Amino acid sequence: MDLRYPYQLPPLPYSYTALSGAISEQTLHFHHDKHFQTYLDNLNTALSDAPELQSKSLIQLLSHPEDLPEGKRTAVINNGGGVYNHALYFAGLTPCPITPAGTLRDALNAAFGTLEAFQDKLRTAALAQFGSGYAFLVCDREGRLSIQKTANQDSPLSSGAWPVLCVDVWEHAYYLDYQNRRAAYVDRWMEHINWDCAAQQYSKRSFR
Ligand code: MN3
């Protein structure tokens with residue numbers, strides 16, 4: 001995903017009721033239209049007086065947080081990470097899941113052995129993330145896949161990994177539907193992974 005200033009809310013790529021067995025219409029409205037929008041608004045505000053940062057892509061900004069001016073660094077990490085992570089999260093869901101195919105399936109098999117083993121590792125990471133954050137499927141420059149959990153809105157880009165897929169485990173992602181049952185949410189999320197989106201994201205990996 002090549003996101004650039006001024007950042008705009010991508011429309012939800014399915015209807016608000018499309019995932020209702022797993023994620024309710026109410027949660028999608030709050031999460032996509034309110035939480036995601038707030039990260040966008042805060043990022044645009046933070047960059048409004050920084051033309052040198054406006055001209056960079058979000059991937060460039062998040063890949064080198066050490067290069068950001070000190071007065072902007074925290075705002076970009078938190079809100080830029082929030083924008084990229086949410087864009088990937090919502091694009092990575094679908095009401096009509098298919099199984100992984102092609103080079104991504106081969107890479108999954110090479111890294112984890114089986115799809116079930118991948119799911120176990122991702123679930124473990126999602127449940128082990130203390131407090132707010134994400135579990136990601138990421139790859140390195142050679143396309144090797146692994147699981148990474150991050151706190152808050154930190155991006156795997158900032159540690160040199162390319163995000164392929166993510167599950168948001170902030171309570172705002174599941175509390176209305178599952179209350180404290182994060183494991184039940186993660187299991188239902190897993191049934192709606194958009195492997196087409198993940199395969200595209202995997203094939204577009206680029207390290208800046
Ligand atoms: Mn969220």
Side-chain angles (χ1 to χ4, degrees), residues 1-16 18-19 23 28 31-47 53-65 67-68 75-98 100-104 107-108 122 133-141 143-150 152-170 172-173 189 192-208:
M1 288 175 300
D2 188 25
L3 306 175
R4 288 176 180 274
Y5 182 89
Y7 295 93
Q8 291 183 320
L9 189 69
L12 196 68
Y14 32 80
S15 83
Y16 286 87
L19 306 175
I23 301 173
L28 284 177
H31 196 186
H32 179 272
D33 305 354
K34 306 290 185 193
H35 288 279
F36 190 3
Q37 182 72 58
T38 300
Y39 290 108
L40 284 156
D41 291 344
N42 289 342
L43 180 61
N44 284 331
T45 300
L47 299 186
L53 302 183
Q54 294 171 9
S55 61
K56 294 187 174 182
S57 73
L58 186 54
I59 290 171
Q60 287 174 309
L61 294 176
L62 293 172
S63 295
H64 299 285
D67 293 343
L68 296 168
V76 171
I77 289 171
N78 289 342
N79 298 298
V83 168
Y84 196 91
N85 295 341
H86 281 101
L88 186 63
Y89 171 75
F90 288 112
L93 281 159
T94 176
C96 309
I98 51 153
T103 55
L104 180 56
L108 283 163
L122 192 69
Y134 291 78
F136 282 89
L137 175 65
V138 299
C139 70
D140 64 13
R141 287 168 189 271
R144 287 178 300 224
L145 294 168
S146 60
I147 303 293
Q148 186 176 328
K149 62 185 169 70
T150 62
N152 303 313
Q153 295 295 350
D154 291 354
S155 171
L157 291 164
S158 305
S159 59
W162 178 258
V164 175
L165 176 69
C166 67
V167 56
D168 185 340
V169 294
W170 284 60
H172 67 228
W189 169 84
H192 293 278
I193 293 175
N194 185 339
W195 284 109
D196 274 339
C197 169
Q200 282 178 38
Q201 180 74 3
Y202 179 66
S203 69
K204 285 181 190 159
R205 62 186 176 275
S206 65
F207 293 84
R208 311 290 166 92

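In this chain, residues are counted from 1 in sequence order. Everything numeric in this text was worked out from a predicted model, so none of it was measured. Side chains included, hydrogens not; waters and symmetry mates left out as well; all remaining heavy atoms used.
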Side chain proximity check, Gln148 to Ser159, heavy atoms < 4.5 angstrom
yes
Under the side chain to side chain contact (heavy atoms under 4.5 Å, CB included) criterion, do Ser158 and His64 qualify, and how do the steps go?
CA-CA 6 Å; Ser158 305; His64 299 285; over 6 Å; no
Asp41 and Gln37: side-chain hydrogen bond (donor to acceptor under 3.5 Å, both in side chains), yes or no, with the steps?
CA-CA 6 Å; Asp41 291 344; Gln37 182 72 58; 2.9 Å; yes
Could you walk me through whether Asp140 and Leu145 satisfy the side chain to side chain contact (heavy atoms under 4.5 Å, CB included) test, starting with their C-alpha distance in whole Å, then the side-chain angles of each, then the deciding distance to 0.1 Å, before giving a yes or no?
CA-CA 7 Å; Asp140 64 13; Leu145 294 168; over 6 Å; no
Are Tyr14 and Phe90 close enough, and set up right, to give a side chain to side chain contact (heavy atoms under 4.5 Å, CB included), and what steps lead you there?
CA-CA 9 Å; Tyr14 32 80; Phe90 288 112; 3.9 Å; yes
Gap between atom CD1 of Ile77 and atom OG of Ser155 - 0.5 Å precision
10.0 Å
Does any part of the side chain of Asn78, heavy atoms only, come nearer than 4.5 Å to the side chain of Asn42, both counted from C-beta?
no
With rounding to the nearest 0.5 Å, note down the distance linking CG in Asn79 to CG in Leu58.
10.5 Å
What closest approach, in Å, do Leu3 and Ala87 show between heavy atoms, and which atom pair accounts for it?
CD1-CB, 3.9 Å
Take Val138 and Ile147, measure what side chain to side chain contact (heavy atoms under 4.5 Å, CB included) needs, and give me the verdict at the end.
CA-CA 6 Å; Val138 299; Ile147 303 293; over 6 Å; no
Can you tell me how far CD of Gln60 sits from OG of Ser57, rounded to the nearest 0.5 angstrom?
3.5 Å
Is the shortest side-chain heavy-atom distance between Asn194 and Leu93 below 4.5 Å?
no
Ignoring hydrogens and geometry, is there a side-chain-to-backbone donor-acceptor pair from Asp154 to Thr150 under 3.5 Å?
no
Tell me the closest heavy-atom pair linking Leu19 and Pro95, and the distance in Å.
CD2-N, 3.6 Å
For the NZ atom of Lys56 and the CG atom of Leu62, what is their distance to the nearest 0.5 Å?
11.5 Å
side-chain contact (heavy atoms from CB on, under 4.5 Å) partner of Tyr89, the single match among Trp189, Phe136, Tyr84:
Trp189
If you measure only the distance, is there a donor-acceptor pair under 3.5 Å linking the side chains of His32 and His86?
no
Ignoring hydrogens, what is the shortest heavy-atom contact between Phe207 and Trp162? Give both atom names and the distance.
CZ-CB, 3.6 Å
Taking every non-hydrogen atom, the tightest pair across Leu28 and Ser15
CD1-O, 4.3 Å
Hey, are Tyr134 and Gln153 close enough side-chain-wise for a donor-acceptor pair under 3.5 Å?
yes
Under 4.5 Å between any side-chain heavy atoms of Ile59 and Leu157, yes or no?
yes
Rounded distance [0.5 Å steps], CG in Asn44 versus CD in Gln54
9.0 Å
Write down the atom of Ala173, the atom of Asp168, and the distance for their closest heavy-atom approach.
CB-O, 3.5 Å
Separation of Asn85 CG from Phe36 CZ (nearest 0.5 Å)
9.5 Å
Looking only at heavy atoms, which two atoms of Ile193 and Thr94 are closest? And how far apart?
O-CG2, 3.6 Å
Are Arg205 and Tyr202 in a cation-pi contact, defined as NZ or CZ under 6.0 Å from the six-membered ring centre and within 45° of the axis?
yes
Do Leu61 and Asp67 make a side-chain contact, defined as non-hydrogen atoms from C-beta onward lying under 4.5 Å apart?
no
